[in-house]
Amino acid sequence: MKLERYISSLEGSSAPEGCSPYLEALWYEKRGNWKRGHEIVQEIDDRSAAWVHAYLHRREGDQDNAAYWYRHADLSFPSISLDEEWQEIVKALI
């Protein structure tokens with residue numbers, strides 16, 4: 001999947017067909033459905049899911065829970081903005 005296609009899909013009504021569950025979770029969050037994004041990613045147990053999970057809790061404002069998931073992903077708590085992190089995750093996982 002190309003980054004441009006993923007980004008342009010945010011204007012549509014559904015995540016791009018064939019995207020990973022990580023990208024689907026981030027798509028839903030960006031479209032304002034944090035709960036659906038969280039439901040998707042909490043069912044996966046790997047480092048990529050932990051990173052997305054951490055970001056989602058950071059977005060939610062639950063810094064302690066986010067810190068737990070960043071540790072689970074072997075990452076430091078980021079100092080960049082939430083929007084910058086969202087872009088960083090998407091680029092890494094696309």
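Listed by chain and residue number, nothing satisfies the salt bridge (Lys or Arg N to Asp or Glu O under 4.0 Å) test with Arg5 (two or more places apart in sequence, or in another chain). Glu24 pairs by the salt bridge (Lys or Arg N to Asp or Glu O under 4.0 Å) definition with nothing, not counting sequence neighbours. With sequence neighbours excluded, no residue forms a salt bridge (Lys or Arg N to Asp or Glu O under 4.0 Å) with Asp64. A search for ring pair (Phe, Tyr, Trp, His ring centres under 6.0 Å) contacts involving Tyr28 returns nothing, not counting sequence neighbours. Qualifying side-chain hydrogen bond (donor to acceptor under 3.5 Å, both in side chains) partners for Tyr55, counting only residues two or more places apart in sequence or in other chains: Glu29, Arg59. In terms of the side-chain hydrogen bond (donor to acceptor under 3.5 Å, both in side chains) criterion, Arg31 has no residue partners (sequence neighbours excluded). When the side-chain hydrogen bond (donor to acceptor under 3.5 Å, both in side chains) test is applied to Ser20, no partner is found at least two apart in sequence or on another chain. With sequence neighbours excluded, no residue forms a salt bridge (Lys or Arg N to Asp or Glu O under 4.0 Å) with Glu84. Pro78 is linked by a side chain to side chain contact (heavy atoms under 4.5 Å, CB included) to Arg58, Tyr70, Ile80, Glu85, counting only residues two or more places apart in sequence or in another chain.
Under the 4.5 Å side-chain criterion, counting only non-hydrogen atoms from C-beta, Gln63 is not in contact with His57. In this structure, the side chains of Lys35 and Asn33 come closer than 4.5 Å at one or more pairs of heavy atoms.
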Quiz item: Can you list the steps and then say if His72 with His53 is a side chain to side chain donor-acceptor pair (under 3.5 Å)?
Solution: CA-CA 10 Å; His72 194 66; His53 206 154; over 6 Å; no
Self-check item: Pair Cys19-Trp27, side chain to side chain contact (heavy atoms under 4.5 Å, CB included): steps then yes or no
Solution: CA-CA 10 Å; Cys19 76; Trp27 187 91; 5.9 Å; no
Quiz item: Going through the distances and angles, do Lys30 and Asp83 end up as a side chain to side chain contact (heavy atoms under 4.5 Å, CB included)?
Solution: CA-CA 9 Å; Lys30 196 65 157 178; Asp83 289 335; 3.2 Å; yes
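Of all heavy-atom pairs between Phe77 and Ala66, the closest is CE1-CB, 3.9 Å. Between Tyr22 and Ala49, the shortest heavy-atom contact is CE2-N, 3.5 Å. The two residues Gly37 and Ala25 make their nearest non-hydrogen contact at O-CB, 3.3 Å.
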Distance-only check: which donor-acceptor pairs under 3.5 Å involve side-chain atoms of residues 10-17, not counting sequence neighbours?
none

Just distance, no hydrogens or angles: give the donor-acceptor pairs under 3.5 Å from side chains in residues 86-94, sequence neighbours left out.
from: Trp86; atom 1: NE1; to: Leu26; atom 2: O; distance (Å): 3.2

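Applying the under-4.5 Å side-chain rule to Ile, Leu, Val, Met, Phe, Trp and Tyr, the cluster around Tyr68 extends to Trp69.
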